[in-house]
Amino acid sequence: MDIRPILSTLHRHKITSLLLILQIALTCAIVCNAVFLIHQRLQRMDIPSGVADHELLQIKFAYIGDRPDAYAQAQTDLATLRQIAGVQAVALVNQLPLSGYSMSNSGIKLHPQQQQTSLEVASYYGQNLLATLGLRLISGRDFQPDELVDLKTALPALHSDDIKNLPHTVIIDQAVATRLWPGQNVLGKMIYFGNDIPMQVVGVSSPLARPDSLQMGAQNSIVFPIRLTATEGGSYVIRTTLGDREQVLKSALAALNRLDPNRIVLEQRTYDELRHDYFQDDRAMAGMLVGVIAALLIVTALGIAGLASFWVGQRRRTIGVRRALGATRGNILHYFQTENFLLATIGIAFGMVLAYGINLLLMLHYELPRLPAIYFPVGAIALWLIGQLAVLGPALRAAAVPPVVATRSV
């Protein structure tokens, strides 16, 4: 089809055509960036925790009054929980991956007196942590019983540089090993914390996600051989099977309350629930962006359909003349579809430039990655399809105008 008549017609309706082009351009720019942001949120929600997600339970207490026997009570609690039917392993840990808050992070140095830390890691500690969380040892070994240090002993020693009361071994996850010593055997390597406190790497575990601050490196985590109590912020973590979780949780709460009724339950949930709560903002954001995209596409489609209907009404005589001169229904339909395609293409071209500019602003102010080129054709195809569907109704009505309209309009 010769598009010169179409261009001539659009030239006579410059303002109307320009407004539709701007609407399509703005929709294209927002849709491209919104779809990219949704993809980013979905990727974030799919981050592997590194633990046995569907097998873990968390119970966290608050205590009334001082507990001088807290460590003895903790060992009694753990021994009691191990006796419950269906329990595979139990630990008392300081924090959990993707829990939404971080109690402990550490800066690692590779050399003493190093001015800047080499890497910021999430610090996990607790007795029997690897087996309970479901972490796999890739190389090395787990902690020996004589390597465990109580938190109440380690904290004062940390501030006084009393190295003998601090742990001397650590287990790092695979992400830390790859980051600090790529391609090397890390067992036996020394790393330094705080005031150049040396610790030896005795094991490398499978990747373990952070509790929060995922932008610092989602799986950069380290495990210390430190015991703690529930009064020091620890949570009881129980590993069981998927089918036994509900019953084990009830039995565990009942058993712990029998041992000490003077404690308040802060958390009693499965790890799946913990993870679900952590990503609730991401789901809300993705849902909101889907709504924005749907609203923009609907408004754009209505704008295209409304303008096409207006032009069909204005051009009835012209359409009738063309039909009288031999134009078929298919010719009239093709004319309006081609006209819409040209407008959409111009709008999409401007929209891609605008989308790139918006992405640069997001990169500058919100540290988002660059918008991949694949999103431009995706946005273009979506708007082309919506444009063709929106113009189809008015175009069919135009194609149905009979040739006799030309004579009635004289």
Side-chain angles (χ1 to χ4, degrees), residues 50-52 55-59 67-84 87-97 103-104 106 121-158 160-174 176-177 186-194 197-206 208 221-240 252 255-256 259-260:
V51 303
E55 301 176 10
L56 300 182
L57 303 169
Q58 180 196 26
I59 300 175
R67 298 299 304 268
D69 62 339
Y71 278 87
Q73 181 67 60
Q75 296 305 312
T76 302
D77 289 345
L78 292 172
T80 301
L81 292 173
R82 291 189 190 100
Q83 301 304 313
I84 297 175
V87 172
Q88 297 178 357
V90 181
L92 189 55
V93 303
N94 65 323
Q95 53 191 6
L96 285 169
M103 294 178 60
S104 181
S106 304
V121 298
S123 301
Y124 289 91
Y125 38 87
Q127 192 173 349
N128 198 35
L129 188 147
L130 269 66
T132 303
L133 295 186
L135 290 173
R136 177 173 54 89
L137 268 176
I138 295 174
S139 62
R141 60 172 176 83
D142 202 347
F143 298 120
Q144 301 296 330
D146 60 353
E147 293 174 333
L148 294 170
V149 178
D150 291 343
L151 182 61
K152 67 178 181 181
T153 303
L155 283 179
L158 183 63
S160 64
D161 294 335
D162 185 7
I163 295 179
K164 69 177 183 300
N165 288 322
L166 290 171
H168 297 101
T169 57
V170 292
I171 294 173
I172 61 177
D173 78 349
Q174 192 175 29
V176 175
V186 305
L187 298 180
K189 298 281 189 181
M190 300 299 295
I191 53 180
Y192 299 84
F193 293 87
I197 299 169
M199 295 186 187
Q200 186 180 46
V201 177
V202 297
V204 178
S205 75
S206 53
L208 176 61
S221 300
I222 192 166
V223 181
F224 292 93
I226 297 177
R227 284 184 296 252
L228 77 161
T229 69
T231 59
E232 295 168 324
S235 294
Y236 291 100
V237 178
I238 303 169
R239 186 175 181 184
T240 182
L256 292 173
L259 290 174
D260 182 1

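Predicted, not measured: the structure shown is a model, and the values here were computed from it. The analysis underlying the following values was restricted to heavy atoms, covering all of them including side chains, and did not include hydrogens, waters or symmetry mates.
- Distance alone, capped at 3.5 Å, is enough to place a donor-acceptor pair between the Asn94 side chain and the Tyr125 backbone.
- In this structure, CG in Leu129 is found 12.0 Å from CZ in Phe224, a value given to the nearest 0.5 Å.
- With a 4.5 Å cut-off on side-chain heavy atoms, Ile171 and Asp142 count as touching.
- Closest of all the heavy-atom pairs between Ile84 and Ala255 is CD1-CB, 4.2 Å.
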Q: Give the C-alpha distance, both sets of side-chain angles, the deciding distance and a yes or no for side-chain contact (heavy atoms from CB on, under 4.5 Å) between Leu96 and Leu133.
A: CA-CA 9 Å; Leu96 285 169; Leu133 295 186; 3.7 Å; yes

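- Contact of the Thr169 side chain with the Phe143 side chain is registered, since non-hydrogen atoms from C-beta on lie closer than 4.5 Å.
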Q.
Determine whether Thr240 and Val87 satisfy the following criterion, side-chain contact (heavy atoms from CB on, under 4.5 Å), listing intermediate values before the conclusion.
A. CA-CA 5 Å; Thr240 182; Val87 172; 5.6 Å; no

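- Side chains of Leu259 and Thr80 form a contact here, defined as non-hydrogen atoms less than 4.5 Å apart.
- To the nearest 0.5 Å, the span separating CD on Gln174 from CG on Leu208 amounts to 12.0 Å.
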Q: Any chance you could lay out the side-chain contact (heavy atoms from CB on, under 4.5 Å) test for Tyr124 and Leu135, step after step, and finish with the verdict?
A: CA-CA 12 Å; Tyr124 289 91; Leu135 290 173; over 6 Å; no

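- Considering only heavy atoms from C-beta on, Asn128 stays 4.5 Å or farther from Leu78 through its side chain.
- There is a side-chain donor-acceptor pair under 3.5 Å between Tyr236 and Asp77.
- Nearest heavy atoms, Ala252 versus Ile59: CB-CD1, 3.7 Å.
- With contacts defined as side-chain heavy-atom distances shorter than 4.5 Å, the pair Met199/His168 does not qualify.
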Q. Given Ile222 and Ile191, is the side-chain contact (heavy atoms from CB on, under 4.5 Å) satisfied, shown in steps?
A. CA-CA 11 Å; Ile222 192 166; Ile191 53 180; 3.6 Å; yes

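- Contact check for Ser139 versus Leu187: side-chain heavy atoms found under the 4.5 Å cut-off.
- Distance check, rounded to the nearest 0.5 Å: OG1 of Thr229 to CG of Asp69 gives 10.0 Å.
- Remark: Arg239 CZ to Glu55 CD distance equals 4.5 Å, nearest 0.5 Å.
- Rounding to the nearest 0.5 angstrom, the gap separating the CZ atom in Arg227 from the OG1 atom in Thr153 is 8.5 Å.
- The distance from atom OG of Ser235 to atom CG of Leu56, rounded to the nearest 0.5 Å, is 12.0 Å.
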